[in-house]
Participant: 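The structure is given below, and queries will be raised subsequently.
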Amino acid sequence: MLVGLSSNYLRRGLLSSAARSPRLLSSARIAPSLSPNYTAGMKVLAVLYKGGDAATQEPRLLGTIENQLGLRTWLESLGHEYIVTDDKEGSESIFQKHIVDAEVLISTPFHPAYLTRELVEKAKNLKLCITAGVGSDHIDLNAAVEKRIQVLEVSGSNVVSVAEHVVMSILLLVRNFVPAHEQIERGDWQVSEVARNAFDLEGKVVGTIGAGRIGYRVLQRLLPFDTKELLYYDYAPLPEQAAKAVKARRVEDLKEFVSQCDVVTVNCPLHEGTRGLVNADLLKHFKKGAWLVNTARGAICDKDAVAEALKSGQLNGYAGDVWNVQPAPRDHVWRTAKNPLGGGNGMVAHYSGTTLDAQARYAAGTRSILQNYIEGKEQEVQNIIIGLSGYETKAYGQRK
C-alpha cells in the first residue's frame with residue numbers, strides 16, 4: 001500500500017557502480033530458433049528495439065533484435081527457447097502471442113513491452129520479468145506482486161550514461177546550443193539571434209527531483225561549474241557526508257523547491273505517486289524562464305502542460321529523451337514545442353541510458369540474472385524490484 005502524499009517519489013539506493021549473428025529480423029518475424037520443433041526447456045521472450053543496418057554494422061549494439069543481448073547461443077545450448085522481437089503493439093503482435101506461455105520476459109526501457117494487468121492475467125506461465133536496463137514502470141508491478149511474478153532490473157547499469165546526458169542537456173539549453181547549430185546548418189551567421197538567449201551555468205541554482213543513483217551523480221558532475229547552489233527534493237535526506245560532498249541542500253516542499261531553481265532536472269522513478277508530478281499547477285511555481293530536463297520517464301511530466309509552458313515562456317527550455325509513449329508518435333507535441341524565440345527544445349529519442357558502454361553492462365547483467373534464475377541461485381539484492389514475497393524496494397513508492 002502506498003503511504004504519503006501523491007507527490008512523494010522514492011529514490012533508488014545512492015551507491016552503485018557492469019554470438020553468433022542471427023538473421024535480420026522484421027516486425028513480422030521472430031528470431032530463428034536452432035531447434036524449431038523442440039519442446040524442452042523454458043520459453044524466454046525478449047522485446048527489443050530494431051537496430052537495422054546500424055546493428056549489423058556495430059555488433060556492440062547488444063540491445064537490438066539483431067544482436068539479441070548476446071544470449072541466443074548460450075540459452076539454446078541449455079535447451080531453452082529464445083524468441084526475440086520488436087513487434088509489441090496490439091493483440092496480434094508477437095509479444096502478445098507469446099506472452100501467454102513464456103516463462104521469462106526480457107524488455108528494455110528504450111522500447112518497452114507494456115505488460116498490463118490484462119496481459120499478466122493471460123501470462124499463465126510467466127515467472128520472471130527482466131528489464132535490460134533500469135526502470136520497470138512498463139510492467140504493472142502490483143499485478144506482478146499478486147501473481148508472484150519476480151521483476152528484476154540491471155541496477156546501476158546506465159546511471160553514469162544518464163547522468164552525463166543530463167548535464168549535456170542542461171548545457172545545451174542554458175547555452176542555447178540547438179538554435180545556434182541550426183543557424184549554422186542554414187548557412188546563416190547572426191550572433192545576436194543566438195546570444196540574446198544564451199547564459200552561463202555558473203551562478204545558477206540547479207535542483208534535482210530525486211537524489212538516488214542518477215540524481216546524485218548529476219550533482220557530482222555539476223560541482224565544477226560553480227553554480228550558485230545545488231538543491232535536491234527527495235522523500236528522504238541524503239546521508240550527511242554525501243550531501244556535504246556535493247554541497248547540496250534539501251528542500252522538502254516541491255513547490256518551494258522549483259520556485260528556487262533556475263534549472264530543474266527530473267531523476268526519479270515513475271510510479272503512482274510521480275505520474276503527472278510536473279503538471280500545470282506545479283509549472284506555475286517555477287521561476288519564469290527556468291529550464292527543465294527530464295531523462296527519467298516522460299509520464300512524470302504532463303506533455304501538454306510542458307508544451308504550453310514552453311510556448312508561453314514560463315519555461316525557457318525543455319530537454320530530455322523520455323516520452324509518455326515510446327516510440328513517440330510523429331505528431332507528439334514535444335517534437336516541435338518551442339519557446340517564444342523559437343528555441344528551447346532539446347528532445348531526442350530515448351537513448352541516454354543505452355550508450356555502447358551501458359549496453360555492455362546491461363547485457364551482462366541480464367545474463368547474470370537469467371543464470372541465477374536457471375541455476376536456482378540468489379539474485380543480487382540491488383537488482384530485485386519484486387521478489388516472491390512482494391516489493392523488495394521502495395524505489396516505486398513508499399509501501400508497507
Side-chain angles (χ1 to χ4, degrees), residues 1-3 8-13 42-48 69 80 83 85 88-89 91 93-157 212 268-275 296-297 299-300 324-326 362 365-374 376-400:
M1 176 180 177
L2 283 171
V3 295
N8 282 349
Y9 66 89
L10 277 288
R11 62 184 174 90
R12 303 174 190 278
M42 64 181 178
K43 176 185 282 190
V44 179
L45 172 61
V47 180
L48 306 173
L69 297 169
H80 303 300
I83 294 174
T85 185
K88 66 188 183 76
E89 303 297 341
S91 60
S93 66
I94 292 170
F95 163 52
Q96 291 204 23
K97 286 181 178 179
H98 285 273
I99 194 64
V100 296
D101 62 349
E103 183 169 337
V104 177
L105 171 65
I106 301 172
S107 187
T108 168
F110 317 104
H111 187 72
Y114 294 103
L115 188 66
T116 62
R117 177 174 289 274
E118 179 184 5
L119 290 178
V120 168
E121 293 292 338
K122 294 179 180 179
K124 302 300 184 183
N125 197 42
L126 190 60
K127 302 292 192 302
L128 174 66
C129 294
I130 304 173
T131 298
V134 175
S136 299
D137 49 273
H138 55 283
I139 298 167
D140 189 318
L141 297 176
N142 292 330
V145 169
E146 294 168 16
K147 295 295 183 179
R148 291 173 58 82
I149 298 170
Q150 299 179 75
V151 179
L152 287 89
E153 58 188 47
V154 188
S155 183
S157 59
C268 61
L270 173 64
H271 57 75
E272 299 99 314
T274 61
R275 186 176 297 274
R297 287 295 181 267
I300 294 172
N324 58 311
V325 177
Q326 294 184 182
Y362 67 65
T366 298
R367 174 166 174 157
S368 176
I369 291 169
L370 268 175
Q371 187 162 1
N372 288 339
Y373 176 74
I374 292 168
K377 296 180 180 178
E378 290 189 4
Q379 300 285 356
E380 295 180 54
V381 175
Q382 71 270 19
N383 291 338
I384 306 173
I385 305 303
I386 294 173
L388 292 176
S389 60
Y391 282 93
E392 297 290 341
T393 177
K394 291 183 177 180
Y396 292 87
Q398 296 189 64
R399 301 171 190 270
K400 292 181 179 179

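Residue numbers run from 1 in the order of the sequence given.
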Participant: When you look at Glu153 and Ile369, which way does the side-chain contact (heavy atoms from CB on, under 4.5 Å) test go after all the steps?
Facilitator: CA-CA 8 Å; Glu153 58 188 47; Ile369 291 169; over 6 Å; no
Participant: Going by distance alone, is a donor N or O of one side chain under 3.5 Å from an acceptor N or O of the other, for Asn372 and Glu380?
Facilitator: no
Participant: So, using side chain to side chain donor-acceptor pair (under 3.5 Å) as the criterion, who are the partners of Ser389 when residues are at least two apart?
Facilitator: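 Testing Ser389 for side chain to side chain donor-acceptor pair (under 3.5 Å), a comparison that skips the adjacent residues, returns Glu392.
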Participant: Would the distance check show the side chain of Thr108 and the main-chain N or O of Leu48 forming a donor-acceptor pair, the cut-off being under 3.5 Å?
Facilitator: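 Flag not set: sc Thr108 to bb Leu48 has no pair under 3.5 Å.
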Participant: Who pairs with Glu121 by salt bridge (Lys or Arg N to Asp or Glu O under 4.0 Å), at least two apart in sequence or on another chain?
Facilitator: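 For Glu121, the residues satisfying salt bridge (Lys or Arg N to Asp or Glu O under 4.0 Å) (neighbours in sequence not counted) are Lys147.
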Participant: Report the distance from atom CD1 of Ile149 to atom CG of Leu105, rounding to the nearest 0.5 Å.
Facilitator: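 Answer rounded to 0.5 Å: 9.5 Å.
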Participant: Partners of Glu89 by side chain to side chain contact (heavy atoms under 4.5 Å, CB included), sequence neighbours excluded?
Facilitator: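 With sequence neighbours excluded, Glu89 shows a side chain to side chain contact (heavy atoms under 4.5 Å, CB included) to no residue whatsoever.
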Participant: Looking at CD of Gln371 and CD of Gln379, how far apart are the two atoms once the value is rounded to the nearest 0.5 Å?
Facilitator: 10.5 Å
Participant: State which residues pass side chain to side chain donor-acceptor pair (under 3.5 Å) with Arg117; sequence neighbours excluded, sorted by chain then number.
Facilitator: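 Once residues adjacent in sequence are excluded, the partners of Arg117 under the side chain to side chain donor-acceptor pair (under 3.5 Å) criterion are Glu146.
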Participant: Enter the distance from Ile139:CD1 to Ile130:CD1 here, rounded to the nearest 0.5 Å.
Facilitator: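 One gets 10.0 Å once the value is rounded to the nearest 0.5 Å.
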Participant: About how many Å separate OG1 of Thr85 and CG of Leu45, when rounded to the nearest 0.5 Å?
Facilitator: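 If we round to the nearest 0.5 Å, Leu45:CG and Thr85:OG1 are 8.0 Å apart.
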Participant: Applying side chain to side chain donor-acceptor pair (under 3.5 Å), name anything that partners Gln96, two or more places apart in sequence or on another chain.
Facilitator: none
Participant: Can you name the residues that form a side chain to side chain contact (heavy atoms under 4.5 Å, CB included) with Leu388, not counting sequence neighbours?
Facilitator: Arg148, Gln150
Participant: If I take atom CD1 from residue Ile385 and atom OG from residue Ser155, how far apart are they, to the nearest 0.5 angstrom?
Facilitator: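 With rounding to 0.5 Å, CD1 (Ile385) is 7.0 Å from OG (Ser155).
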Participant: Measure across Ile300 and Pro269 and return the closest heavy-atom pair with its distance rounded to 0.1 Å.
Facilitator: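 Looks like CD1-O, 3.9 Å.
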Participant: Taking side chain as C-beta onward, heavy atoms only, is Cys129 less than 4.5 Å from Leu152?
Facilitator: no
Participant: Could you go through Thr393 and Ile384, starting from their C-alpha distance and side-chain angles, then the distance that decides it, and tell me whether this counts as side-chain contact (heavy atoms from CB on, under 4.5 Å)?
Facilitator: CA-CA 7 Å; Thr393 177; Ile384 306 173; over 6 Å; no
Participant: Taking salt bridge (Lys or Arg N to Asp or Glu O under 4.0 Å) as the test, write out the residues that go with Glu118, two or more places apart.
Facilitator: Lys122
Participant: Regarding Tyr114 and Asp137, is there a side-chain donor-to-acceptor distance under 3.5 Å anywhere?
Facilitator: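 No, because no side-chain N or O of Tyr114 sits under 3.5 Å from a partner of the opposite role on Asp137.
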Participant: Taking all non-hydrogen atoms of both residues, which atom of Gly133 and which atom of Pro109 are closest, and how far apart?
Facilitator: CA-CD, 4.4 Å
Participant: Could you tell me whether the side chain of Cys268 reaches within less than 4.5 Å of the side chain of Arg297, counting heavy atoms only?
Facilitator: no
Participant: Under the side chain to side chain contact (heavy atoms under 4.5 Å, CB included) rule, collect the residues that match up with Ala132, sequence neighbours excluded.
Facilitator: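 Scan of Ala132 (side chain to side chain contact (heavy atoms under 4.5 Å, CB included), adjacent residues dropped) gives Leu69, Ile106, Tyr362, Thr366.
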Participant: Where is the tightest heavy-atom contact between Ala299 and Leu270, given as atom of each residue plus distance?
Facilitator: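 Closest approach of Ala299 to Leu270: CB-CD2, 3.9 Å.
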Participant: Do Lys124 and Asp101 meet the salt-bridge criterion of a basic N to acidic O distance under 4.0 Å?
Facilitator: no
Participant: Please determine whether side-chain contact (heavy atoms from CB on, under 4.5 Å) holds for the pair Val100 and His98, giving the CA-CA distance in whole Å, both sets of side-chain angles, and the decisive distance to 0.1 Å.
Facilitator: CA-CA 5 Å; Val100 296; His98 285 273; over 6 Å; no
Participant: On a heavy-atom basis, which atom in Ala113 and which in Ser107 lie closest, and how many Å separate them?
Facilitator: N-OG, 2.9 Å
Participant: Looking at side-chain heavy atoms only, is the closest gap between Val151 and Leu141 below 4.5 Å?
Facilitator: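 They are in contact (side-chain heavy atoms under 4.5 Å apart), so the answer is yes.
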Participant: How would you list, by chain and number, every residue that makes a side chain to side chain contact (heavy atoms under 4.5 Å, CB included) with Asn125, sequence neighbours excluded?
Facilitator: Glu103, Lys127
Participant: Find the distance between CG (Asn142) and OH (Tyr391) and round it off to the nearest 0.5 Å.
Facilitator: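 Asn142 atom CG to Tyr391 atom OH measures 3.5 Å (nearest 0.5 Å).
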Participant: Do His80 and Lys43 have side-chain N/O donor and acceptor atoms under 3.5 Å apart?
Facilitator: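 Lys43 and His80 do not have a side-chain donor-acceptor pair below 3.5 Å.
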Participant: After noting the C-alpha distance and the side-chain angles of Thr131 and Val154, does the key distance pass the side-chain contact (heavy atoms from CB on, under 4.5 Å) rule?
Facilitator: CA-CA 7 Å; Thr131 298; Val154 188; over 6 Å; no
Participant: Please answer whether the main-chain N or O of Val47 pairs with a side-chain N or O of Lys88 as donor and acceptor at a distance below 3.5 Å.
Facilitator: no
Participant: Applying side chain to side chain donor-acceptor pair (under 3.5 Å), can you list everything that pairs with Asn383, at least two apart in sequence or on another chain?
Facilitator: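 So Asn383 forms no side chain to side chain donor-acceptor pair (under 3.5 Å) with any residue.
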